[in-house]
Visitor: 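This structure is in structure tokens; I'll ask about it shortly.
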Amino acid sequence: MEADLATLLDRIRREGVEHDAATPDRRDRYRNLEPDSGAFLNVLVRAIGAHAALELGTSTGYSTLCIADALRTTGGRLLTVDVDEGRSARALEHLREAGLESVVDVRVADAGVTLQQQLDASLDFVFLDAERDQYVAYWPHLRRTLRPGGLLAVD
């Protein structure tokens with residue numbers, strides 16, 4: 001990971017921690033990953049040589065940047081979705097700042113609907129970081145859309 005990206009991730013992390021501490025409703029928090037988890041996602045994507053990736057739950061783009069950085073080296077692409085337009089816009093700003101916007105398609109969309117729209121065995125990597133109470137309903141579509149040998153990472 002390049003130094004500029006590491007600096008950006010550190011800034012996003014600090015802003016997220018401050019925002020979340022001042023936000024009483026859990027659903028309104030950014031809930032970004034811990035740095036070690038983001039680095040682990042980056043390693044996983046590189047290790048499997050992922051080309052087609054899906055992230056369910058963009059927030060402000062911390063994990064998105066970690067995945068996109070890895071996909072830049074594998075020649076892959078990421079579709080990331082979140083239901084919150086404001087958070088998605090911030091994620092896109094962060095991607096532009098990092099020079100990774102060409103690797104990622106940022107959409108404001110429902111995770112479940114997005115999963116239903118994916119083709120069978122079309123994904124190498126899925127990062128599931130959406131509303132936990134929906135995970136069981138996502139399972140059939142996750143199994144269907146991941147290619148044999150594909151990887152599902154869940155937060």
Visitor: Indicate yes or no for a side-chain donor-acceptor contact from Arg72 to the backbone of Ser102 under 3.5 Å, with no hydrogens or angles considered.
Guide: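 Between the backbone of Ser102 and the side chain of Arg72 there is no qualifying donor-acceptor contact (under 3.5 Å).
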
Visitor: Distance from Leu100 atom CG to Cys66 atom SG, nearest 0.5 Å?
Guide: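 Interatomic distance, Leu100 CG to Cys66 SG, rounded to 0.5 Å: 10.0 Å.
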
Visitor: Supply the members, apart from Tyr138, of the Ile/Leu/Val/Met/Phe/Trp/Tyr cluster built from side-chain contacts under 4.5 Å; use none for a lone residue.
Guide: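 Members alongside Tyr138: Leu54, Leu56, Leu79, Val81, Leu115, Leu123, Val126, Leu128, Tyr135, Trp139, Leu142, Leu146, Leu152, Val154.
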
Visitor: Please say which of Thr80, Thr64, Asp82 ends up in a side chain to side chain donor-acceptor pair (under 3.5 Å) with Thr58.
Guide: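 Between Thr58 and the candidates, side chain to side chain donor-acceptor pair (under 3.5 Å) is satisfied uniquely by Thr80.
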
Visitor: Is the backbone N or O of Ile67 less than 3.5 Å from a side-chain atom of Asn42, with the two atoms forming a donor-acceptor pair by type?
Guide: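 No: the side chain of Asn42 does not pair with the backbone of Ile67.
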
Visitor: Can you tell me how far apart OG (Ser59) and CG (Asn32) are? Round to the nearest 0.5 Å.
Guide: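 Reported to 0.5 Å precision, the distance equals 4.5 Å.
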
Visitor: For the pair Arg13 and Glu34, find out whether any cationic side-chain nitrogen is under 4.0 Å from an anionic carboxylate oxygen.
Guide: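 Judged by the 4.0 Å cut-off on N to carboxylate O distance, Arg13 and Glu34 do form a salt bridge.
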
Visitor: State whether the side chain of Thr145 and the backbone N or O of Asp120 hold a donor-acceptor pair below 3.5 Å, judged by distance alone.
Guide: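 Checking the backbone N and O of Asp120 against the side chain of Thr145, no donor-acceptor pair under 3.5 Å is found.
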
Visitor: Given the rule that I, L, V, M, F, W and Y join up when any side-chain heavy atoms are under 4.5 Å apart, are Val83 and Phe127 in one cluster?
Guide: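 Different hydrophobic clusters.
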
Visitor: Regarding Asp20 and Arg31, does a basic nitrogen lie under 4.0 Å from an acidic carboxylate oxygen?
Guide: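 Looking at Asp20 and Arg31, the cut-off is not met.
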
Visitor: Hey, does the side chain of Asp124 reach the backbone of Ala52 with a donor-acceptor pair shorter than 3.5 angstrom?
Guide: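 Side chain of Asp124 to backbone of Ala52: a pair is present.
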
Visitor: Examine distances only and state if a side-chain atom of Ser122 and a backbone atom of Gln118 form a donor-acceptor pair shorter than 3.5 Å.
Guide: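 No; zero donor-acceptor contacts below 3.5 Å.
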
Visitor: Would you be so kind as to tabulate the donor-acceptor pairs closer than 3.5 Å made by side chains of residues 3-10, with sequence neighbours excluded?
Guide:
from	atom 1	to	atom 2	distance (Å)
Thr7	OG1	Ala3	O	3.0
Asp10	OD2	Arg14	NH1	2.4

Visitor: So for atom CZ, which belongs to Arg132, do other residues, nucleotides or ligands contribute more than 12 heavy atoms lying within a distance under 6.0 Å?
Guide: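 Buried by this count: over 12 neighbours within 6.0 Å.
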
Visitor: Could you check whether atom CZ of Arg143 has more than 12 heavy atoms from other residues, nucleotides or ligands sitting under 6.0 Å from it?
Guide: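 No.
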
Visitor: What's in the same ILVMFWY side-chain cluster as Val43, cut-off under 4.5 Å, chained through other members?
Guide: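 Members other than Val43 - counting any ILVMFWY side chain reachable under 4.5 Å - there are none.
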
Visitor: Considering all heavy atoms of both residues, which atom of Ser63 and which atom of Leu41 are nearest to each other, and what is their separation?
Guide: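 Looks like CB-CD1, 4.1 Å.
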
Visitor: Hey, could you give me the CZ/CD distance between Arg11 and Glu97, rounded to the nearest 0.5 Å?
Guide: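 Interatomic distance, Arg11 CZ to Glu97 CD, rounded to 0.5 Å: 4.0 Å.
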
Visitor: Between the main-chain N or O of Ala130 and the side-chain N or O of Gln134, is there a donor-acceptor pair closer than 3.5 Å?
Guide: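 Checked: no pair found.
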
Visitor: For atom CG of Asp133, is the number of surrounding heavy atoms from other residues, nucleotides or ligands below 6.0 Å larger than 12?
Guide: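 Check passes, neighbour count above 12.
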
Visitor: What are the two closest heavy atoms between Tyr62 and Pro35, and how far apart are they?
Guide: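 Taking Tyr62 first and Pro35 second, the nearest heavy atoms are OH-CA, 3.2 Å.
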
Visitor: How many angstroms lie between atom NE2 of His51 and atom CZ of Arg77, to the nearest 0.5 angstrom?
Guide: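 CZ of Arg77 is found 12.5 Å from NE2 of His51.
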
Visitor: Indicate the atoms forming the closest heavy-atom contact of Ala50 with Thr74, along with that distance.
Guide: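 That closest heavy-atom pairing would be O-OG1, 2.5 Å.
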
Visitor: Just to verify, which of Leu95, Thr60, Ile12 counts as forming a side chain to side chain contact (heavy atoms under 4.5 Å, CB included) with Arg90?
Guide: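 Of all the options given, the one that passes is Thr60.
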
Visitor: Is the shortest heavy-atom distance from the side chain of Leu44 to the side chain of Phe40 under 4.5 Å?
Guide: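 A side-chain contact exists here, since the closest heavy-atom pair is under 4.5 Å.
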
Visitor: Give, for atom NE2 of His19 and atom CZ of Arg87, the distance between the pair rounded to the nearest 0.5 Å.
Guide: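 Between His19 NE2 and Arg87 CZ, I get 8.0 Å after rounding to 0.5 Å.
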
Visitor: Are Glu55 and Arg107 within salt-bridge range, i.e. N to O under 4.0 Å?
Guide: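 Salt bridge: no.
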
Visitor: Side chains of Thr73 and Arg46: does their closest heavy-atom pair fall under 4.5 Å?
Guide: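 Yes, close enough: below the 4.5 Å cut-off.
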
Visitor: CD1/Ile48 to CG/Leu151 distance, rounded to the nearest 0.5 angstrom?
Guide: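 CG of Leu151 is found 5.0 Å from CD1 of Ile48.
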
Visitor: Same hydrophobic cluster for Tyr30 and Leu33, using side-chain heavy-atom links shorter than 4.5 Å among ILVMFWY?
Guide: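 Shared cluster, no.
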
